[in-house]
Amino acid sequence: MRATWWLRNPRYFLFMVREFSSVFVAAFLVLFLLQIRGLRAGAEVYQEYLERLHEPGWIAFHAVAFLFAMYHSLTWFDLTSKIQVVRLGRTVVNRRIVAGLNILAWLVVSGGIFLYWTRG
Amino acid sequence: MKASTSRSTIKLEVTRYRPSVDSEPHDQSYEIPCTDDMVVLDALNYIKDRVDGTLSFRWSCHMGVCGSCGVMVNGQPKLSCAIFLRDYKREPIHIEPLTNFPIIRDLVTDITDFMTKLKAVKPWIIRKKEKPLSEGEYRQSAEELERYHQFSGCINCMLCYSACPVYGLHPGFLGPAAAALAYRYNLDSRDQGNDERQPAIASQEGIWECTFVGECTVVCPKDVDPAAALQRSKVATAQSLLGSFILPRASGKSATEGSS
Ligand code: SF4
Ligand code: FES
């Protein structure tokens with residue numbers, strides 16, 4: 001099989017984008033851990049780190065990482081609905097509804113965490 | 001509904017490989033008369049009957065049941081008896097043997113690997129102990145049938161193996177159809193063979209090789225959804241593994257639907 005197999009078909013390509021998106025999710029998490037370490041190193045170091053985050057390069061990185069994280073999450077919920085069989089009595093609930101409800105729950109929980117974080 | 005074409009002839013490019021003559025596969029062009037109701041298999045049969053009798057390909061039922069006529073049509077795995085020429089607007093139409101399988105001759109591939117894997121998952125009903133005939137048949141409710149019914153439609157056409165890049169990259173992988181059939185029997189209320197299938201399913205080259213590309217389900221002509229079967233097998237295997245840690249001596253039917 002050729003190394004370019006994933007360019008043969010648009011669905012293979014989207015699969016590779018999904019796999020690749022985890023690199024950005026991981027990179028964001030590493031930065032987040034560094035941020036926490038910065039907190040422990042004292043206010044000055046942390047402040048420097050925060051200022052660096054305002055540089056255009058970092059803003060661009062976070063924007064791209066956010067887009068990839070969204071793509072990863074949405075495709076993950078879509079795939080989960082293919083695995084999860086939800087029954088209501090004798091009928092199987094349409095997987096689009098299952099995916100939609102999962103995404104809704106995800107948004108509600110994320111919104112709750114965001115509100116708690118920004119207000120607290 | 002697709003629009004019909006009014007062309008009277010069609011150009012095909014077909015992979016030819018005769019090991020006694022050719023050092024490697026090559027394309028051969030044909031131009032043959034065509035009508036709107038012709039499928040790709042009709043074109044191949046026309047070539048074999050009227051143009052070039054040396055062309056080899058497999059087929060039997062001409063009605064999407066036997067699963068033997070799979071080929072690549074313009075790079076996509078298809079049943080040649082179930083795909084109309086009129087649906088291809090651009091010429092020539094490329095017809096190749098199924099990818100990911102070694103070529104024996106022309107469009108005929110070596111399917112030994114698939115047959116070995118199919119056998120390994122024991123796709124039949126296994127009973128620990130058969131009950132005597134006098135006790136009657138093994139009965140099943142409509143709900144019990146419905147749990148596995150979709151996965152029982154497989155015709156062993158191997159289109160899913162051709163579409164699967166994981167199988168292409170790691171030929172040891174059990175593959176979509178074998179995994180789907182194993183799951184089908186594990187879900188069957190009459191079956192007790194879960195433990196016997198487990199070595200083939202849960203091995204390193206079993207279901208865990210799958211990365212959920214999902215193309216097997218897209219190309220399946222029988223809507224078997226092998227990708228879902230594979231992922232649900234993973235859930236069932238993980239659950240039974242967890243169960244065996246918590247309740248080491250618990251036994252019984254462990255395949256679940258991944259339901260909630
Ligand atoms: S799962 Fe579908 S594509 Fe795969 S062998 Fe069975 S019928 Fe063919
Ligand atoms: S010839 Fe039997 S499925 Fe095509």
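As the structure is a computational prediction, the values presented were derived from the model and not from experiment. Residue numbering restarts at 1 for every chain, and letters A, B, ... go by the order of the sequence lines. All values below come from the heavy atoms of this structure, side chains included, with hydrogens, waters and symmetry mates left out.
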For this session: Examine whether an atom of B:Asn100 lies under 4.5 Å from a heavy atom of chain A, and if so say whether it belongs to the side chain, the backbone or both; otherwise answer neither.
Result: side chain
Problem set entry | Shortest non-hydrogen contact from B:Thr211 toward A:Arg18 | O-NH2, 3.4 Å
Seminar exercise, completed: Between B:Phe212 and A:Lys82 the two heavy atoms that sit nearest each other are CZ-CD, 4.1 Å
Within the structure provided, determine whether [X] and [Y] are in side-chain contact (heavy-atom separation under 4.5 Å).
{"X": "B:Thr99", "Y": "A:Met1", "result": "no"}
{"X": "B:Lys234", "Y": "A:Ile83", "result": "no"}
{"X": "B:Pro165", "Y": "A:Tyr12", "result": "yes"}

If you draw a 6.0 Å radius around [atom1] in [X], do more than 12 non-hydrogen atoms from other residues or ligands fall strictly inside?
{"X": "A:His54", "atom1": "NE2", "answer": "no"}
{"X": "B:Tyr138", "atom1": "OH", "answer": "yes"}
{"X": "A:Trp58", "atom1": "CH2", "answer": "no"}
{"X": "B:Trp208", "atom1": "CH2", "answer": "yes"}
{"X": "A:Glu55", "atom1": "CD", "answer": "yes"}

For this session: Could you please spell out the steps behind the side chain to side chain contact (heavy atoms under 4.5 Å, CB included) verdict for B:Gln231 and A:Thr80?
Result: CA-CA 9 Å; B:Gln231 313 319 312; A:Thr80 309; over 6 Å; no
Exercise. So, are A:Arg87 and B:Glu143 salt-bridged, with charged N and O less than 4.0 Å apart?
Worked result: no
